[in-house]
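The structure appears right after this line, and notes come after that.
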Number of protein chains: 2
Amino acid sequence: MSTPLEQTEIDFIEEMTLKMEETGLPRIACQILSWLMICSPVHQSFSDLIENLEISKASVSNMTRLLMQMGLIEKIRIHGERQIHFQIKNQAWVDLLEIQTQQVFDLMKISQKGIDLLANKDEFNTLRLEEMNKFYSFLSEEMPQLIDRYKNS
Amino acid sequence: MSTPLEQTEIDFIEEMTLKMEETGLPRIACQILSWLMICSPVHQSFSDLIENLEISKASVSNMTRLLMQMGLIEKIRIHGERQIHFQIKNQAWVDLLEIQTQQVFDLMKISQKGIDLLANKDEFNTLRLEEMNKFYSFLSEEMPQLIDRYKNS
DNA sequence: CATTTTGTTTAGTAATTTATAAACAAAATG
DNA sequence: CATTTTGTTTATAAATTACTAAACAAAATG
């Protein structure tokens, strides 16, 4: 058994969890992520997570898998310890935005399909679609550049 | 009664709906949004939406309200027509990103709170938090500039 | 001002998602 | 190789969300 979390830690987890839930991530995934941002040591074992966050073994198994798939955390082995440990990945947040940028690209493609669709029907009211396509084309070009600029700074 | 949608239109709505649902928006909101991107005329009445998308009156009422709150569509009155009409707002997608940029700012603030929390505990493992804070500070500064650059282009 | 049309709200159902307990599998230890 | 520890999967319960029908309210028409 580990010592229970301090109130300041609970408060931080709650605040960050609330914000991260807005992105659609399940509550427990957000709690794990938030705790991993402030825990010491920086890595936590399976049972550390179960005890500190008072969540089930199954939730830890499922939500850590989800967070790993998203590229936000990673599994590590600690010398001499049997249990898997988890920690926040380096540059996790940068990687996340890079993945999300794919969505921008997809919306650019979809808006182009819309333009083509109206063209085939000799419909000229393409302003909505042109606006959308122009903006997402801009972002598809600029976002990777912005991220690169950050990485090289 | 209006003429039923063409298959190409149905396909477009389905594709864009699928992509937009990834953002957590309800299915019917996505369908309305997608249809409003390609319909002619560009504005659609309450019953146009009901008939064309085969959805309930209540869904139209609730989901158009949601889309208006998000700033993606607007209500308009058509001269001589009793029914409310809806259409995509100008620069809807630019406005949407501007709102989402608030989230970046919030995460910057939260990561700063985490840094302060660890400092108060004389805990020096703040790399995770410093990385997050540095990146979201960068984005809080750069995203508004990027959007401005788009607007003035 | 009674009637019809238009739109919102309420109440209930259906469907999905979240979280867990329990069963199971795999791996490490003695 | 039997036992314990560790982690995953399955089945289910709980909670939330999405959607609609029906009741209701408001506004326009004749």
Side-chain angles (χ1 to χ4, degrees), chain A residues 1-2 10 13-14 16-36 43-70 72-87, chain B residues 1-2 13-14 16-36 41 43-70 72-87:
Chain A
M1 283 300 275
S2 55
I10 293 171
I13 292 169
E14 184 57 24
M16 180 162 166
T17 292
L18 231 52
K19 180 50 62 181
M20 290 304 298
E21 276 188 288
E22 286 179 19
T23 70
L25 215 52
R27 174 159 188 80
I28 289 188
C30 297
Q31 293 184 107
I32 293 173
L33 190 65
S34 304
W35 172 229
L36 285 176
H43 44 76
Q44 295 277 290
S45 72
F46 225 85
S47 48
D48 288 338
L49 294 174
I50 292 171
E51 287 166 22
N52 286 317
L53 299 174
E54 294 170 296
I55 54 183
S56 74
K57 202 162 58 148
S59 285
V60 173
S61 179
N62 289 321
M63 293 303 112
T64 53
R65 175 150 27 87
L66 175 63
L67 290 169
M68 282 193 296
Q69 282 167 358
M70 293 177 68
L72 287 171
I73 68 172
E74 64 190 353
K75 256 183 197 169
I76 57 165
R77 288 285 175 184
I78 302 295
H79 175 73
E81 298 229 20
R82 287 179 61 169
Q83 285 193 43
I84 296 169
H85 283 62
F86 300 96
Q87 65 183 17
Chain B
M1 283 297 278
S2 54
I13 293 170
E14 183 58 23
M16 181 163 165
T17 293
L18 231 52
K19 178 54 60 181
M20 291 304 298
E21 277 188 286
E22 286 178 22
T23 70
L25 214 53
R27 175 161 188 76
I28 289 189
C30 297
Q31 292 184 108
I32 293 173
L33 189 65
S34 304
W35 172 229
L36 285 176
H43 45 76
Q44 296 277 289
S45 73
F46 225 84
S47 48
D48 288 338
L49 293 174
I50 292 170
E51 287 165 21
N52 286 318
L53 299 174
E54 293 171 295
I55 54 183
S56 74
K57 201 163 58 147
S59 285
V60 172
S61 180
N62 289 320
M63 293 302 111
T64 52
R65 175 150 26 88
L66 175 62
L67 289 170
M68 282 193 297
Q69 282 168 357
M70 294 177 68
L72 287 171
I73 68 172
E74 63 190 355
K75 256 184 197 168
I76 57 165
R77 288 284 176 185
I78 301 295
H79 175 72
E81 298 230 18
R82 288 179 60 170
Q83 286 193 42
I84 296 169
H85 283 61
F86 300 97
Q87 65 184 16

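By convention in this document, chain letters (A, B, ...) are assigned in the order of the sequence lines, proteins followed by strands, and residues within each chain are numbered from 1.
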### Boundaries of the chain B footprint along DNA chain D (any atom under 4.0 Å from a heavy atom)
D:dA18 to D:dT29

### Query
Got a sec? Which of residues 21-34 of chain A come in under 4.0 Å of DNA chain D, heavy atoms?
none

### For DNA chain D, the residues among residues 79-87 of chain A that have a non-hydrogen atom under 4.0 Å from it
A:R82, A:Q83, A:I84

### Query
Judged by modelled atom types alone, do A:S47 and A:Q83 share a side-chain donor-acceptor pair under 3.5 Å?
yes

### Message
Here's a test of your reading of the structure: between A:S59 and B:V60, which maps to the more 5' nucleotide of DNA chain C?
### Response
B:V60

### Message
For a stem of at least 3 consecutive Watson-Crick or G-U pairs with distances under 3.5 Å, i pairing with j, i+1 with j-1 and so on, which stems involve DNA chain D?
### Response
C:1-30 with D:1-30

May I ask you to test the [X]-[Y] pair for a side-chain heavy-atom distance under 4.5 Å?
X	Y	answer
A:I55	A:I32	yes
A:L53	A:V60	no
B:I84	B:R77	yes

[X] versus [Y], closest heavy-atom pair with distance:
X	Y	result
A:F86	A:L36	O-CD2, 3.6 Å
B:I28	B:M63	CG2-CG, 3.8 Å
B:L33	B:M20	CD2-CE, 4.0 Å
B:N62	B:R65	OD1-NH2, 3.0 Å

## Note on the structure
The salt bridge (charged side-chain N to carboxylate O under 4.0 Å, His left out) partners of B:K75 (sequence neighbours excluded) come to none

### Query
What pairs with A:R27 under salt bridge (charged side-chain N to carboxylate O under 4.0 Å, His left out), at least two apart in sequence or on another chain?
A:E14, A:E21

### Message
Would you compute the distance between atom CD of A:E81 and atom CD1 of A:I76 and round it to the nearest 0.5 angstrom?
### Response
9.5 Å

### Between NZ on residue B:K19 and CG on residue B:L25, distance to nearest 0.5 Å
14.0 Å

